[in-house]
Every structure is written in C-alpha cells, then in structure tokens.
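Letters A, B, ... are given to chains in the order of the sequence lines, protein chains preceding strands, and every chain is numbered from 1. As the structure is a prediction and not an experimental result, all values here were calculated from the model.
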Protein chains: 2
Amino acid sequence: MTKAHPTIAEVARRAGVSPATVSRVLNGTARVSQEKVRAVLQAVEELGYAPSPLAQGLATGRSYAVGILLSDFASPFFGPILEALTLELEATPYRPIAVPGHWSLVRELEALEFLKAHRVEALVLLGTALDGEALGELGIPVLAFGQRVEGPKAWSLCLDNQKAAYEATRYLMDRGHTRIVHVSSHRGGMDVRERLLGYRKAMREAGLEARVVYGDLEEEGGYRAAAEAFRRYPDTTALFAANDQTAFGARLYLYEQGLRVPEDVSLVGFDDIALSAYQIPPLTTVRQPIQEIGIALGRALRAVLAGEVPTPPRLELTLVERASVREVGA
Amino acid sequence: MTKAHPTIAEVARRAGVSPATVSRVLNGTARVSQEKVRAVLQAVEELGYAPSPLAQGLATGRSYAVGILLSDFASPFFGPILEALTLELEATPYRPIAVPGHWSLVRELEALEFLKAHRVEALVLLGTALDGEALGELGIPVLAFGQRVEGPKAWSLCLDNQKAAYEATRYLMDRGHTRIVHVSSHRGGMDVRERLLGYRKAMREAGLEARVVYGDLEEEGGYRAAAEAFRRYPDTTALFAANDQTAFGARLYLYEQGLRVPEDVSLVGFDDIALSAYQIPPLTTVRQPIQEIGIALGRALRAVLAGEVPTPPRLELTLVERASVREVGA
DNA sequence: ACCCCTCTTGCAAGCGCTTTCAACGGATGC
DNA sequence: GCATCCGTTGAAAGCGCTTGCAAGAGGGGT
C-alpha cells in the first residue's frame, strides 16, 4: 500500500539524495551522476511519485495551463472543436482547462475570473460574448474563434462568413429560388451577423426582398422560426439557416406541415456539423472545417506560447452540396 | 494600471494589516474588527486581488477540484451530461476539471494521472473503459455513469439498460415485427452489452432468431452495420440500434437504398439525444434522461464530498414513441 | 606537493497562502 | 490598583517544489 501522495522529500530520502537532486533528475535541469539518477528513478517508481503541479506552479510561477472558454459543452459545433483542440494540445506540456459559459455573460465573466485565478498562460474563446472590455487587462495571449478580439496579444481565427453566406444565397438563386428566407439569430456573435449581411447583400444585388426571421441557433428556435417564416411569407421556396441546428428545427416543421424537402422547400444550413450528413435528406450546408479549426487553434496556441506570431491558416468555408436543395421550375 | 497578480502581502500592506488578517477576512476563519475588515476589503477591491488557488491548495491541502473523465467532448450524449453536471456544480465550491480520454485506454490512463496529480478530490467517469485495476489505489471517491465501479468509495449510477432494451424489442414485436436486427458495438461499456442482452432475451423468449451486427456507436458505423444487416438478413423489417448515432447512420443507409422509414423498415434508437426528436421521421428511441443524469451525478458528487452516501435517484429509461416505427401487416 | 577547474551536490530561500501560537490591549472583577 | 480574561492581531512555520549559491570532490597541470 503506497501512500497517496508521496512528496519529493520522501523520494529524496529513499534514494539517499537531496530533494534538489530529485528535482533536477525529474526536470533534467542539471547534470546528475548516473547512479543517483538510477536511484532517484527507482525511488520514484517504487513510491509512485508524481510531482504536484500546484507546488510546481507556485515555485516556478508557471502553470502550463491554458484556459478554454466556450459557450456550452453540449454544442455539436463547439464540442468537436474543443475535442480537436485538446487532442492537438496533447503532445505539448500545456493542459487545457475548459469551462463553459452556459450562454450567459455573467457566467462567462465568472469563468474568466476562475481561469485568471488559475493563472492560465493563454486563453481561447470559442463563441463567447466576451469583448475587449473584460479582456483588456488580462495580460495573457487571447485567441478566439467566431469572434474578433483585439489587443497586442490577441489573435482571432476568422473565416469569411459573409462571403460564404453570400455564396450560399447565390447558390439558391442560381437554382431558380427567389423567395428565400434567412433564419438568423440575435444570439451568437459576429459570425452570425456576418452571415445575415452576406444574405442581405446577395438578395439586394438580385433585387429580391430580404426575408429574415430569428431563431436561437438551436433546433427549437429553428422550428419556431420556420413557422414564423411560413406565416409571414407563405410562398417561400427556400430556407437558409444561420446554422445547422436551426436547419434541423426548420426541417421538422416542414415535415410536420407535409412540406417535402427538397421538392417543396429547399434547405441550406451552415456549419456542417457531424449529423448534417446524416439528415434526411442529407443537408446541403456551408462547411466549417471543424477539425481543422480545432487544430489551427491548437497550433496558434503553441505559437503564441512560444512567443511567436501564429501564421493564419488558410481555411475556407465551402458549400457542400447534398440533397436538400432542388432546382425550381425555370 | 493594476499589477497582474497582486499577492496577499501587498493587500496586507495597503490595508495596514498582516497577511494573516487578510486571509482571515477573506475566508471568514476568525473574528476581525470592523475597521480592518473594511480596510482589507477596500484594498482587495483597489488592487483587484484574487487569491491564488495554487497557493491556497498547497497551504490547505485541498484543491476543491473534481475530475471528470469522459470519452469525448464531441459526443452528443456525454457532452450534454457534462454540461448539466458542471451547471449543477456551479453553486458549490467545487470546480470541475474535465479531460477527454479520446476513446483510448492509454489516453484515459494519462488523463487519470493528470487528474491525480492535480489532486482532484473526487472523480467522475463518463463512459470510459477504466476498471477497478487502475482505480484501485486512488483513495478518492469515484462516481461513474454507464459503467460499474467498485470499492468503498465508489458509486455508480446505473440504469436498467437490459430491461429497457428488452422492452424496446418487445415494443417492436408487439407491432408485428419478427425479423429484428440489433446493431450493437464492441466499443463502449457495460451498458451497451446489457442492451444486447436485453434484446437477446426478448428474442429468445419469443422464439425468434437473434440477428446482431456491430457498429462503433457513431453514425459511420451505424451506416456500415445497416449495410451488413441487410446483406445478411435481407428480409429484416426493423432495426434496433444500441444508440441514436448508430440509428442515424442506419437511417442514411436506408434512405440511400430507397427503403422508407417506417413504411419499409422500422427504426428504434437508444439515448434520445437532442437531435433525435428532429430526425425525419422523428426517432422512436429509449430515452436516457440526460439532464437528470447530469444533475444526479452533481448531487451525488456533493453528497460524496460531504462524506455522505448519495441516495440513488429514481431514474428510468423510457421508450419515447415518435414516428420511426410502424405496425406491420397483421 | 600545490593550485585551479570542473563537475556534482546539498543548503536554504522563496513562491503565495493558511494556521498555530503567543502577545497585546483593554475591560472586567476583586 | 492589580490580576484575569477575552477578543484581536501579527510573527512564523509550513505546504511541495525549484533554483541560486557555495561547498566538496576529484583531476590535471606545473
């Protein structure tokens, strides 16, 4: 029965050396004779010793922790990004500590305090509502996706949502659709607003009426928004949703109304979350390269922590054509 | 411009008291005169002081951290459980520190080491492959969902998967189905195996042939498993999937084969993840009360940490009837 | 035989906090 | 007026670790 948490002193005693030597062996911070190295390693092994990150952090002033603040663990979009990001961090000495803001600004601020207290060395923001205000005096690098952050140590991974939304709208128009509703949301960050802008631009250029309804970026809101869309614009032939979850909700509404997709109504989403390819019919949507985003964030994090300036990855939003859009009678 | 991280000593100096007094004020561990309290509070405010959890942890020997080991941040099943769990912990002094095992045993063991090193005061296992072996000497309470853990400080939240699977199978049989395939998986824990058992039992009792194929608990595997199912058993009229993601994958296969759900093939899932209600047709599935599970785990955690024995919550697996099953010709 | 270097090692301070213990001041009781 | 007691407070030790510094041990050169 080994003791729960042996200390460096016990290891030292057992190996017949000083704690300093143990530390040096474990961290490789100085030359130590062969025999002592062996003795220390053996003692470590026998005792099942693991240094306390708390004590190490205190002594070195470094935490090797990076904070990841995200909206919600349950999100099918941010969840996978987080997964890819943590995987990417695996091979580094840095450990992610992920905290959800639960879609609430005060919670996000609390979470921020928490991370600050834990002396994270960098911060990653995934779709939070935090802005420069709260982040100003942080003094650590801040990376963000899906929102813009500013400051000397800030770096945002921004894809061109407006362009992608513009193209998605054009895609529908090119297939003969003119009565296109966009399901946007007041929730969410800049990216959602940019999608709305892209949609508006495409409609304006084509001389078409912009028809916008609002959901909450989740299925339920998509359902309600679709209902509203058809109440206000009964002749609608296509729905362009600000994200896939919204599209799923809308899809259900259409199903319940006996409207077929794509025969009666075409549907385009945004994000291409894992399940979109498995919808019936498979959802045509703007693909955000989720895994690549996570990886890019991980790489950027490493670069930033190494004092470098991350090179912006070349990531594109691309429309993936599946089966939820049809050409309307010419 | 405030300093990044003022220490208790600076607060003390500014307030004209000793560090000990600051500590006492902040923790309420002893009586302190009104005026000093005020002075301390003001200094704290002005400096933006926040105690370092590292130092506190070192000094008190407590971390107030609980480890949550889960398979995957991207999981639409465990993600929401984690979300509910962290939300439930919000009001407590305890902070969750969630680490993914990425479906790999070695990673899970690494993650376990990490949590151990961080001196978590309790551990929650969400669908990991860890067993008593690795957990034996931990010395802290271990809670689990979806797997059984043993030991004096262990507590598992287990729902009766076998019974639920039995009933789901019966549900199909009651609607005239006799050629029912179960899509199980070698991946995953005890709960998946119990579902298989429940299915087998129902089939055996009815004198029907057990038809089992295997996926990976994700969509892709469900797709492939469905293909295999129809290759081996072309006359199948119903699919019972070990989880919803598997059902989604199978659903896509059916769609591509021109098999209608539920007209040609009935489909039943397991879990009732958020998106199941939004499938086309809405998926009939065995509901795991995801949110309640998260909450129950949170409560149990609090109980365990308070030295009590958690009362097992009354949680049931219930079949939710939606639209993916039909009655076959009598 | 002596001196100087280099390599290895231990000592001790210090990271930021808590907590025990003792001391202090004033109020009380005689 | 003196002993006593209580409530407040600060000094100091200690949590487990790292690291600058200096000492000791050899080894080689002269």
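- Counting any heavy atom pair closer than 4.0 Å across all strands shown, B:S23 reaches a base atom.
- Atom pair A:Y64:OH and D:dT18:C1' shows a separation of 12 Å (rounding to whole Å applied).
- Note: CD (A:E35) to C1' (C:dT9) measures 12 Å, nearest angstrom.
- Between the C1' atom of D:dT18 and the CD1 atom of A:I8 lies a distance of 8 Å, rounded to the nearest Å.
- When distances are taken from the side chain of B:S52 to each of D:dT19, C:dG16, D:dC17, the shortest belongs to C:dG16.
- Across A:L157 and A:A296, no two heavy atoms sit closer than the pair CD2-CB, 4.1 Å.
- Dashed line: the shortest gap from a side-chain N or O of A:T7 to OP1 or OP2 of D:dG16 is not under 4.0 Å.
- For the OP1/OP2 pair of C:dT18 and a distance below 4.0 Å, the side-chain nitrogens and oxygens of B:Q56 include at least one atom meeting the criterion.
- Side-chain atoms of B:T60 lie closest to C:dT18 of the nucleotides D:dT18, C:dT8, C:dT18.
- Per the geometry, NZ belonging to B:K36 stands 13 Å off C1' belonging to D:dG7, to the nearest Å.
- Rounded to the nearest 0.5 Å, atoms CD (A:E113) and NE2 (A:H118) are 12.0 Å apart.
- The shortest distance between the side-chain N/O atoms of B:R31 and the OP1/OP2 oxygens of D:dT8 is below 4.0 Å.
- Note: B:Y94 and B:Y64 have tilted aromatic rings, judged against thresholds of 30 and 60 degrees for the angle between ring planes.
- Heavy atoms of A:V17 sit under 4.0 angstrom from primed sugar atoms or phosphate atoms, though from no base atom.
- Remark: P of D:dC17 and CG of A:N27 are 11 Å apart, rounded to the nearest angstrom.
- We find that CZ of B:R62 is positioned 24 Å from P of C:dG16, with the value rounded to whole Å.
- The interatomic distance linking A:R24 (CZ) with C:dC7 (P) rounds to 15 Å, in whole Å.
- A residue-by-residue look at B:T21 and B:L58 shows that B:L58 has its nearest nucleotide of DNA chain C further toward the 5' end.
- Picking from D:dT18, C:dT18, C:dT8 the nucleotide with the shortest atom distance to the side chain of A:S33 gives C:dT8.
- Whole-Å rounding puts the A:H118 NE2 to C:dC17 P distance at 13 Å.
- Both B:G16 and A:L26 sit near DNA chain D, but only B:G16 has its closest nucleotide nearer the 5' end.
- No more than 12 heavy atoms of other residues, nucleotides or ligands shown are found within 6.0 angstrom of CZ on A:R148.
- Taking the six-membered ring for Trp and thresholds of 30 and 60 degrees, B:F73 and A:F73 have nearly parallel ring planes, at less than 30 degrees apart.
- Contact annotation for A:V22: no contact, since no heavy-atom pair falls under 4.0 Å across all strands.
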